[in-house]
Amino acid sequence: MCINDEIGASLTIDPLNVGSSKDYNLEPTVRLNLPRKRIVDDEEHFTEFISYLKDEGILQNGQLIVSYVAETGEILEDEEWSREI
């Protein structure tokens, strides 16, 4: 887990012992960079993934961002999307 330095300082989070996002009032961002183009079923799969994260108590809020990366390493920005958790 990576916490912005300013946010960490305001919450008095020890950068060497961050712990869990559940210990703080945070809205984490989960970013997935997939090395392929978008496929038809992606949204359905990631909606199920978000449900799993919530149902298992892993995350209750935050944001999921999915981007797709070309073989050259270039991010295909027109195919990026996000959902609130």
Side-chain angles (χ1 to χ4, degrees):
M1 179 170 62
C2 180
I3 297 177
N4 175 289
D5 289 340
E6 291 178 22
I7 294 170
S10 69
L11 295 173
T12 62
I13 297 173
D14 178 358
L16 300 176
N17 187 21
V18 175
S20 170
S21 64
K22 295 177 187 177
D23 299 334
Y24 310 99
N25 186 21
L26 300 175
E27 291 191 10
T29 298
V30 176
R31 176 177 280 280
L32 301 175
N33 297 319
L34 303 177
R36 62 173 174 79
K37 291 187 174 193
R38 186 176 188 163
I39 59 175
V40 175
D41 295 335
D42 279 353
E43 261 189 90
E44 180 180 341
H45 292 302
F46 290 112
T47 299
E48 291 171 4
F49 178 61
I50 290 170
S51 294
Y52 170 80
L53 293 174
K54 292 174 89 171
D55 292 346
E56 295 297 316
I58 297 168
L59 290 176
Q60 293 304 313
N61 56 21
Q63 183 177 32
L64 172 68
I65 300 172
V66 178
S67 61
Y68 301 88
V69 182
E71 289 181 16
T72 60
E74 177 185 0
I75 293 179
L76 305 171
E77 293 183 31
D78 58 326
E79 295 193 31
E80 180 175 284
W81 57 274
S82 65
R83 294 286 181 275
E84 294 296 318
I85 297 174

(message) Tell me every residue that passes side chain to side chain contact (heavy atoms under 4.5 Å, CB included) with S10, counting only those two or more places apart in sequence or in another chain.
(response) none

(message) Can you list, by chain and residue number, the hydrophobic cluster partners of V69 when the side-chain cut-off is 4.5 Å?
(response) I75

(message) How long is the straight-line distance from CD1 of I50 back to CD1 of I58, given to the nearest 0.5 Å?
(response) 12.5 Å

(message) Just to verify, what does S51 make a side chain to side chain contact (heavy atoms under 4.5 Å, CB included) with, not counting sequence neighbours?
(response) D55

(request) Not counting sequence neighbours, which residues clear side chain to side chain contact (heavy atoms under 4.5 Å, CB included) with E84? List them please. (result) Q63

(request) Establish whether L76 and I65 are linked, either directly or via other cluster members, by ILVMFWY side-chain heavy-atom contacts under 4.5 Å. (result) no

(request) Mind listing the closest non-hydrogen atom pair of N61 and P28 along with its distance? (result) O-CD, 3.5 Å

(request) Would you kindly confirm whether F49 and W81 end up in one hydrophobic cluster when ILVMFWY residues are joined by side chain heavy atoms under 4.5 Å apart? (result) yes

(message) If hydrophobic clusters are built by linking Ile, Leu, Val, Met, Phe, Trp and Tyr wherever their side-chain heavy atoms come under 4.5 Å apart, do V30 and Y52 end up in the same one?
(response) yes

(message) Holding to side-chain hydrogen bond (donor to acceptor under 3.5 Å, both in side chains), I want the full list of residues that pass it with D42, two or more places apart in sequence or in another chain.
(response) R36, Y68

(message) Would you compute the distance between atom OG of S67 and atom CG of L32 and round it to the nearest 0.5 angstrom?
(response) 8.0 Å

(request) Tell me, please, which residues at least two apart from E80 pass salt bridge (Lys or Arg N to Asp or Glu O under 4.0 Å). (result) R31

